[in-house]
Amino acid sequence: MAKSEEQHLKRGLQNRHIQLIALGGAIGTGLFLGIGPAAVLAGPSVILGYALAGVIAFFIMRQLGEMVVEEPVSGSFSHFAYKYWGTFAGFASGWNYWILYILVSMSELTAIGVYVHFWWPEIPLWASSCFFFVAINALNLTSVKVYGEAEFWFSIVKVVAIIAMIIFGVYLLVSGSGGPQATVANLWNDGGFFPKGLMQADGHGGYQGLLAAISLIMFSFGGLELIGITAAEADQPEKTIPKATNQVIYRILIFYVGALIILFSLSPWKSITTDSSPFVMVFESLKGFQFTMFGKTVYFTSLIANVLNLIVLTAALSVYNSCVYSNSRMLYGLAEQGNAPKFLSKLNKNSVPVQAILVSGLFAAICIIVNKLMPEKALEVLMSLVVSSLIINWIMISVVHLKFKQNKQLHQEKTKFPSFIYPVSNYICLIFLTGILVLMWITGMKLPVALMPGWLLFLYICYMIVKRNKAS
C-alpha cells in the first residue's frame, strides 16, 4: 500500500537552505585545519592539487546532480545504485555511506570537545561532546526546516569567516602590513612551485610531493555529495539542485584555491607544520597589533585565536549536523528498499524519520565511548575505514551514473540536467580515484587500501543474510 502524503518526506528545504548547505559542504574543518599536512608534503603546489581535486569533485557532483534532478527521492545514490546497477550495489552504497558518516560523526564530536576545551579546560571532553550530541540530534528531531535553518546559519559563519580571511590577507599583501616576508614570490621561492620531491638538475623539487599529498587533498571535499541527499526534501529540486551544483566549482576556486594563493603569499611555505593551518600564518602576522575595548588593552593575537576556535567549532557543528541529517535519510531510503529494518521508514507528524535519527545517534554515541576508552591505534583504524568508504562512495556514484545514462539512452529519454562531458568525465573520475588508491599504497597509506576488499566482503555477507531472510 502506498504511503499517504503525510507519510512522505516533506519538501521543507528552500532555495537559500540548499545553496548554503551546498556551500557549507565545501567549507569544513578540512579547509580550516586540514590543509597543513598536505602543504608540508607538497609546498605551494598544493594549490594545484586542490584545483585538480576540485575539478574531479565538480564532475562527481554533476553526475549525481543529473540523477537527483531527474528522480529527487530519498536515499539518493543508494536508490540509483539499487535501481540501475543491482540490489547489492544499492545495499552496499547505502550502508557504506551510512557507516562512513557514523565514523565522521565520531571524529567531529571528538573535535567539538577539544575546541570547547580551549576555552574551558576544566570541562571534560566527553561532557561537551555529549552536550552538542544531544543538542544537534534534538534539532534534527523537530523538522527538516529546523535542520535547514541551523545549517544555513552554520554555513553563514563559515562563509563570512573565510571571506574575511581572504580580504584581510589581500590587505596585508597590498598595504605591506604583512611584513617583508609577505610577497607573491613566496609561491615560487624556496625550491620553486614544486619544492618537495626528487631533485631536478636545476636544484628544484619534482612532482612527488604533490602526488603524495593528493590523497589528503581529495578527502577535504568529502561531504559535497550531501546535496544529493537533500533532493527528496528540497522545494523545487529541478531549480535549486542544478544551481547549487554548478556553483561548486566557483566555491572551490574562491574558498580553496584563492585563499591558498593569498595565504601562501603571506609567509614562506616552510613555516607551515603538520599541526597548523595556513590561516594561522595570517594571525601570526598580527603580532604587535592591539586596541582598547572597555578600557582594556586587547591584543589581536589573543582575539584571533578565540575567533579561529569559534570558527572551527562552528565548522565541526555544521559537519555533525549534516551527518545526523544525511545518515537518517540514508537509513530511511534503505528501509524503503527493504535493505534495513522497516521501522526505520516510519515518520512522525512533521515527516521526520525519528527512528532513523535515534538509531544513527545511538551508533555515533557508541563511537564516542570507543574513542574515549580505546587507545589511539583503534581510532586510526576507524578513520582509515573512513578513507576507504569515501573512495568507494565516489567510485560508485560515477559508475552508477554511467548505468543511469545507458538506461536513459536505451529508452531514448533526455534528462533535465545533463552531466558535464559524459561519459569522458566519468572515466576521468574513475581513473583519478583509482590512481589515488595506487598513490596511497606507494606513499605508505596501505592500511586504508588493504581494508577495502575486507569491507566490501563484509557488506556482501550482510547482503546475502538480508536477501535470505527476505526469501524465507
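- Atom-to-atom distance recorded for W98:CH2 and C323:SG is 12.0 Å, nearest 0.5 angstrom.
- A distance of 6.0 Å or more separates the ring centres of H401 and F80.
- For the pair S389 and W455, the minimum side-chain heavy-atom distance is below 4.5 Å.
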- Candidate pair L52 and I56, rule side chain to side chain contact (heavy atoms under 4.5 Å, CB included), full reasoning: CA-CA 7 Å; L52 291 173; I56 299 300; 5.9 Å; no

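- Looking at S318, its side chain never comes within 3.5 Å of a backbone N or O of T314 through a donor-acceptor pair.
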- Item | Audit row: Y320, N137, side chain to side chain contact (heavy atoms under 4.5 Å, CB included) steps and yes/no | CA-CA 9 Å; Y320 181 59; N137 277 277; 2.8 Å; yes

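- Rounded to the nearest 0.5 angstrom, N327 CG and S360 OG are separated by 4.5 Å.
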- Task: Starting from the C-alpha separation in whole Å, work towards a yes-or-no answer on side chain to side chain contact (heavy atoms under 4.5 Å, CB included) for R329 and I357.
- Result: CA-CA 8 Å; R329 271 55 180 184; I357 291 176; 4.1 Å; yes

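- Two residues are said to be in side-chain contact when any heavy atoms from C-beta on lie closer than 4.5 Å; M440 and P448 meet this criterion.
- Between M452 and I392, the shortest heavy-atom distance links the atoms CE-CG1, 3.4 Å.
- A 4.5 Å side-chain heavy-atom check between S419 and Y422 finds at least one atom pair inside the cut-off.
- Counted by atom type alone, Q63 and S398 present one or more donor-acceptor pairs between their side chains at under 3.5 Å.
- Between the CD atom in E70 and the NZ atom in K405 there is a gap of 9.0 Å [rounded to 0.5 Å].
- Within the 4.5 Å cutoff, no side-chain heavy atoms of F417 are placed close to those of V68.
- Under 4.0 Å is where a charged nitrogen must lie from a carboxylate oxygen, and between E66 and K416 no such pair does.
- In this structure, the side chains of E71 and H79 come closer than 4.5 Å at one or more pairs of heavy atoms.
- I163 has its side chain out of reach of F168: every pair of non-hydrogen atoms, C-beta onward, lies at least 4.5 Å apart.
- Partners of F132 under the ring-ring contact (aromatic ring centres under 6.0 Å, His included) rule, at least two apart in sequence or in another chain, do not exist in this structure.
- In this structure a side-chain-to-backbone donor-acceptor pair under 3.5 Å is missing from N393 to Y97.
- Listed for the S328 side chain is a donor-acceptor partner under 3.5 Å among the backbone atoms of Y325.
- Although no hydrogens or angles enter the test, the distance criterion places a donor-acceptor pair under 3.5 Å between the side chain of T142 and the main chain of L139.
- Residues that satisfy the ring-ring contact (aromatic ring centres under 6.0 Å, His included) test with F420, not counting sequence neighbours, are F59.
- A 4.5 Å side-chain heavy-atom check between Y50 and V55 finds every atom pair outside the cut-off.
- Taking NZ of K414 as the start and NZ of K408 as the end, the distance is 14.5 Å to the nearest 0.5 Å.
- Using a 3.5 Å distance cut-off with no hydrogens or angles, the side chains of N321 and N140 do pair a donor with an acceptor.
- The distance from the CZ atom of F133 to the OG atom of S105 is 9.0 Å, given to the nearest 0.5 Å.
- Listed by chain and residue number, nothing satisfies the side-chain contact (heavy atoms from CB on, under 4.5 Å) test with T434 (two or more places apart in sequence, or in another chain).
- Looking at S93 and V400, their side chains never come closer than 4.5 Å, going by heavy atoms from C-beta outward.
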- Message: Determine whether L430 and L402 satisfy the following criterion, side chain to side chain contact (heavy atoms under 4.5 Å, CB included), listing intermediate values before the conclusion.
- Response: CA-CA 11 Å; L430 293 172; L402 283 171; 4.2 Å; yes

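- Residue L437 holds its CG atom at 5.5 Å from CD1 of I395, rounded to the nearest 0.5 Å.
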